[in-house]
Every structure is written in C-alpha cells, then in structure tokens.
Amino acid sequence: MAGSMSRPIPVIGAGLAGSEAALQIADAGYPVRLYEMRPVVPTAAHQSDHCAELVCSNSLGSKLPDRAGGCLQAELRALDCKLLPHAEATAVPAGQALAVDRNLFGARVTKVIKDHPNIELAREEAKTIPDDAVCVIATGPLTSEALANDIQRLAGTEHLAFFDAIAPVVHGDSIDRSIVFAASRWGKGTADYLNVPLDEKDYNAFIEGLLRAEKHELKGFEAKDPRAHQFFERCLPIEILAARGHDTLRFGPMRPVGLDDPRTDRWPYAVLQLRTENTAGTLWNMVGFQTNLRYGEQERIFRALPGMASAEFARLGSMHRNTFLNSPKVLSSLLEWRERPGLFFAGQITGMEGYLGNIGSGLVAGQNAIARLRNQKPRALPRTTLLGALTAHVAESPAEPFQPMKAEFGLLPPLPGRVRKKERKAAYAARSAANLAAHLRHNGAPTAPTHP
Ligand SMILES: Cc1cc2nc3c(=O)[nH]c(=O)nc-3n(C[C@H](O)[C@H](O)[C@H](O)COP(=O)(O)OP(=O)(O)OC[C@H]3O[C@@H](n4cnc5c(N)ncnc54)[C@H](O)[C@@H]3O)c2cc1C
C-alpha cells in the first residue's frame with residue numbers, strides 16, 4: 001500500500017488486543033506507532049502502566065483441549081499468537097486453568113514491545129481516529145471520552161454504547177420443547193421466537209422470586225458514572241420493572257397477546273420470549289430480560305420457569321461499563337470498518353468478551369491489516385473455529401440490540417450427524433483444529449516477515 005513503508009501504522013490502545021495487533025504487524029516487518037494513554041491519562045480500572053494489563057481476574061480460562069478456553073488457546077497457538085507464549089511463561093499454578101502472574105505478564109509484554117525494533121510506544125491519548133490508510137483501534141471498554149466521541153461521529157450515536165445491558169442467553173438444546181413453543185406474535189411471518197408460557201401461578205411465583213432475589217449492585221467508578229443512570233432509564237432490568245408493579249412485566253417484555261399456546265389454544269398469562277442469538281440458531285437470547293441479579297439467583301429463578309428446568313446458560317445477565325460498537329452494523333468479520341477498508345477495530349470495543357477472545361481479535365485485526373499492507377485480500381477464519389465464530393458473531397449477529405459475547409462452543413455451527421452430548425465438546429475442538437489446519441495450508445501463515 002502506497003506510503004505505508006516509511007510511515008508507522010497507528011495502533012491505538014496497548015491493552016490485550018492492541019498489544020497483540022501491534023506485535024503481529026511489527027513482526028511482519030512493518031513499523032508501528034502504538035499509542036497508550038496510561039499513565040498520562042488513567043482509566044478507572046487499570047492499576048499500572050503496563051501494556052496488556054489484566055484488569056480483574058488473572059485467569060485466561062481452562063487449558064483443557066475440549067473446553068472453549070483450551071480450544072481457543074490451541075487456535076491462537078496455530079495462528080502464531082504473540083501474547084499467549086508470554087502468558088504461558090508467566091503462568092501460576094491454577095489447576096486446569098491458564099492463570100498468570102499479572103504483574104510479570106504485563107511487565108514482560110511491555111518489555112517486548114519497548115524493545116521491538118519496529119514498535120514505537122507513544123504514551124499519549126489519541127483523540128481522533130487516525131486518517132492513515134491502515135490502522136487499528138483497540139481502546140477497550142474504557143475508551144477515552146475524546147476518542148469515543150470521534151468514533152461516535154463515524155458510527156452514528158446509535159451505534160456506540162457506553163453500558164452493557166445484558167440479557168441471559170440459553171443453549172437451545174437445553175430447553176424443553178414439549179412446553180416451550182415456536183410462534184410469532186399474531187402468527188405474522190415465520191415462527192422465529194420460542195415462547196415460554198406462564199400461567200397465573202407461575203407468573204406470581206416468578207415476580208415474587210424476582211423481588212426477593214439478591215442483586216449485584218454497581219460499585220466504584222461504575223456507580224458514579226452519570227451515563228449509568230441514562231442507560232438504566234432506557235433499558236431497565238427486569239427486577240426494577242417488577243418492583244414498579246405486579247403487572248408491569250406482563251404488559252412489557254412478557255406480554256402474551258397474539259401468542260397461541262398449542263397445548264391450550266389460548267394465550268398464556270405471560271410469556272418469556274427467546275430469540276435466536278446466532279446464525280446457527282443454537283443460542284437463544286431471553287428477550288428484554290436484562291438483569292443485575294446475582295448469577296446463582298438468575299439460574300434458580302429462570303430454571304423455575306416452565307420448560308426451563310434443565311436450561312444451560314451460555315451467558316447470564318449483567319450490567320457494566322462497556323464502550324462497544326453496534327458491530328453488525330459497522331464491522332465485517334475481518335474486524336474492518338465496512339465503509340472504510342483498512343480501518344480495523346479489535347478487542348472489547350467490537351463486542352467481544354474475555355481476555356483470550358480479545359487477544360484473538362487483536363491477532364485477527366493485526367493479520368488482516370498486514371494483508372491490506374501487502375495489497376492482499378484478507379481471509380476470514382473458518383466459522384467452525386471459535387475465533388472465526390466469534391468474529392462472525394460480532395459482524396453478523398442478528399440480535400437487536402447487539403450484545404457482547406465471549407468465545408463459547410454454542411457459537412459454532414452444529415456438528416454434522418448425531419454426536420452424543422458428552423462427546424460434543426471434543427468433537428467441536430477436533431473440527432476446529434482440522435479446519436484451521438486446512439485454512440492455514442491453503443492461505444499460508446499470514447505473519448511471515450517480509451522486508452518491505
Ligand atoms: C472493571 C473491569 C473488569 C473486567 N474483568 C474482566 C475479567 O475478569 N475477565 C475478563 O476476561 N475480562 C474482564 N474485563 C473485560 C476486559 O477489559 C477485557 O477482557 C480486556 O481487557 C479487553 O481488552 P482490550 O484490549 O479490548 O481493552 P483493554 O485491555 O482495556 O485495553 C485498552 C487500552 O486502550 C487504552 N486507551 C483507551 N483510550 C485510549 C486513547 N484514546 N488513546 C490511547 N490509549 C487509549 C487504555 O488505557 C487501555 O490500556 C473487565 C473489564 C473491566 C472494565
């Protein structure tokens with residue numbers, strides 16, 4: 001790409017995703033200017049000036065090959081991830097999990113970045129999106145105000161959120177379909193929703209349960225953020241709706257009108273609607289059920305609903321500060337801005353969750369940026385890999401509003417044929433490994449250094 005040989009590629013944010021993206025691009029032989037605003041401008045959560053600081057837990061998930069964490073680690077290894085070896089080198093004993101000494105890990109990544117001949121670490125806040133032909137933005141859930149405003153200007157105000165309002169997501173195969181029925185309201189269009197029917201007794205017990213359940217309160221900087229209150233007014237948690245009046249939910253997200261229960265040929269007293277979360281149709285979002293209840297309480301109360309006794313949750317509801325794009329509207333599965341090729345986003349700002357997934361997104365954005373620099377067409381990863389499925393989720397999730405997700409087997413397309421439930425995870429991992437190996441054989445290793 002013209003002009004890219006001498007001018008460094010801007011990567012904004014030296015968190016997990018930005019550090020990975022910068023190292024990918026720099027190892028491929030291109031100069032990088034990596035902007036990190038800490039410690040000059042702090043965030044409300046980071047404690048150090050390290051690159052790739054882990055802000056909370058020190059665990060990168062399970063190492064077991066048939067768990068999502070282990071499978072994702074195997075994918076990252078095959079794709080020449082730059083940060084994973086440093087995590088492994090700074091691991092602490094944690095049973096089957098890959099947990100790290102966060103200080104050692106952060107210090108080590110910072111040193112590698114500072115010592116890299118192709119990286120210049122600029123300790124400054126980027127206030128606007130660079131206009132370079134190729135750049136990566138990875139400023140995370142706590143993106144600075146000035147840059148967030150500029151991203152909002154590019155995306156439109158409706159396509160950048162500041163708080164998560166997360167509703168739980170259920171695995172489709174754990175729902176009792178002899179009770180839960182497929183229907184659309186008034187029979188219009190296709191029967192796209194699954195409907196959990198409640199009679200009056202079920203509804204009363206549900207409301208009672210919600211009102212008594214323990215809540216997870218926002219604490220610290222999140223509680224003080226004025227945008228938390230704006231957000232809550234727009235998108236109220238079900239426990240707050242329940243506290244406003246016994247029938248508020250039944251006339252709101254749980255309204256049953258126009259939904260005939262095939263078992264009774266009548267409308268139920270109230271309904272919980274589930275809408276598919278992914279193109280594979282294996283995950284179902286509990287519509288309008290954003291909640292701040294403690295996780296154990298959510299599982300107990302939702303499993304008491306008809307047809308949900310065995311519900312397995314891919315994700316439980318939560319609320320927290322999180323700057324993220326409405327990615328399906330603006331990003332492709334290459335993590336590239338649809339209307340500005342060469343502008344990549346990575347990390348939590350794309351709507352991915354989890355440390356490892358965010359490292360993976362930096363890898364994807366970095367490797368695709370390299371392809372653009374080489375005037376090659378970037379190639380999306382197979383959707384049968386966790387990283388490919390996660391990037392596809394970010395770009396194509398049909399859910400409205402779009403909600404962040406972490407890497408998990410439920411995002412993958414179903415396995416062909418019948419596979420016993422207890423063998424499924426291993427089968428997903430084996431398919432991911434085989435398809436990724438074929439993808440790499442066909443496309444070659446994207447980061448092999450060239451001398452531009
Ligand atoms: C309080 C909190 C707790 C969390 N706990 C967990 C957890 O336990 N487990 C988990 O998996 N995930 C957790 N997360 C999510 C976690 O943030 C991500 O998994 C991961 O850190 C995201 O990586 P990232 O690279 O997208 O963002 P980050 O790691 O946050 O990196 C973004 C970087 O960009 C910098 N930056 C921001 N704006 C600018 C700017 N304008 N110019 C220059 N630099 C800028 C920031 O200083 C930061 O270093 C938590 C998030 C928060 C906020």
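This chain uses plain numbering: 1 for the first residue, then up along the sequence. Counting starts at 1 for both ligands and their atoms, following the listed order.
- Taking distance alone, with nitrogen or oxygen atoms compared against 3.5 Å, Tyr355 approaches ligand 1 more closely than that limit.
- Geometrically, ligand 1 and Glu125 share no nitrogen or oxygen pair separated by less than 3.5 Å.
- Results of the side chain to side chain contact (heavy atoms under 4.5 Å, CB included) test with Leu79 over Leu84, Thr385, Leu440 single out Leu440 as the only residue that passes.
- In this view, Arg212 and Glu208 satisfy the side-chain contact (heavy atoms from CB on, under 4.5 Å) rule, not counting sequence neighbours.
- With a heavy-atom cut-off of 4.0 Å, Ile12 touches ligand 1 through its side chain alone.
- Each of the atoms 41 (N) of ligand 1 lies under 4.0 Å from some heavy atom of Leu147.
- For the pair Asp173 and Arg424, the salt-bridge criterion is met [side-chain N within less than 4.0 Å of a carboxylate O].
- If you number the atoms of ligand 1 from 1 as listed, the ones under 4.0 Å from a heavy atom of Gly347 come out as 26 (O).
- Within 6.0 Å of atom CD in Gln47, 12 or fewer heavy atoms from other residues, nucleotides or ligands are found, so the atom counts as exposed in its surroundings.
- Within ligand 1, counting atoms from 1 as listed, the ones closer than 4.0 Å to a heavy atom of Pro141 are 17 (O), 27 (O), 30 (O).
- Looking at Gln403 and Arg315, their side chains do bring a donor and an acceptor atom within 3.5 Å of each other.
- Neither the backbone nor the side chain of Lys127 has a heavy atom within less than 4.0 Å of ligand 1.
- When heavy-atom distances to ligand 1 are checked against a 4.0 Å cut-off, Ala138 comes that close only through its backbone atoms N, CA, C and O.
- Results of the side chain to side chain contact (heavy atoms under 4.5 Å, CB included) test with Ile119 over Ile9, Val112, Val11, Ile113 single out Ile113 as the only residue that passes.
- Both the backbone and the side chain of Thr139 come within contact range of ligand 1, each with a heavy atom under 4.0 Å.
- Taking a cutoff of 4.0 Å between a charged side-chain nitrogen and a carboxylate oxygen, Arg372 and Glu336 qualify as a salt bridge.
- Closest to atom 30 (O) of ligand 1 by heavy atom, among Glu53, Gln348, His46, Glu145, is His46.
- Under the 3.5 Å distance criterion, with hydrogens and angles disregarded, no donor-acceptor pair is assigned to the side chains of His171 and Ser174.
- Considering backbone and side-chain N/O atoms, Ala45 never comes within less than 3.5 Å of an N/O atom of ligand 1.
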In residues 87-94, what donor-acceptor pairs under 3.5 Å come from side-chain atoms, sequence neighbours left out?
{"from": "Glu88", "atom 1": "OE2", "to": "Arg77", "atom 2": "NE", "distance (Å)": "3.4"}
{"from": "Glu88", "atom 1": "OE2", "to": "Arg77", "atom 2": "NH2", "distance (Å)": "2.8"}
{"from": "Thr90", "atom 1": "OG1", "to": "His86", "atom 2": "O", "distance (Å)": "2.8"}
{"from": "Thr90", "atom 1": "OG1", "to": "Ala87", "atom 2": "O", "distance (Å)": "3.4"}

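- Environment of CD in Glu339: sparse, with no more than 12 heavy atoms of neighbouring residues, nucleotides or ligands closer than 6.0 Å.
- Both the backbone and the side chain of Leu16 come within 4.0 Å of ligand 1, judged by heavy-atom distances.
- Distances between N or O atoms of Glu353 and those of ligand 1 include no value under 3.5 Å.
- Residue-ligand proximity, Gly13 to ligand 1, at heavy-atom distances under 4.0 Å covers atoms 33 (C), 34 (O), 35 (C), 44 (N).
- Comparing Cys56, Pro42, Gly15, Gly18 by heavy-atom distance to atom 3 (C) of ligand 1, the nearest is Cys56.
- For ligand 1, the atoms closer than 4.0 angstrom to any heavy atom of Ala17 are 25 (O).
- Each of the atoms 40 (C), 41 (N), 42 (N), 43 (C) of ligand 1 lies under 4.0 Å from some heavy atom of Ala126.
- Shown here for Ser333 and Ala380, the closest heavy-atom pair between the two residues is OG-CB, 3.9 Å.
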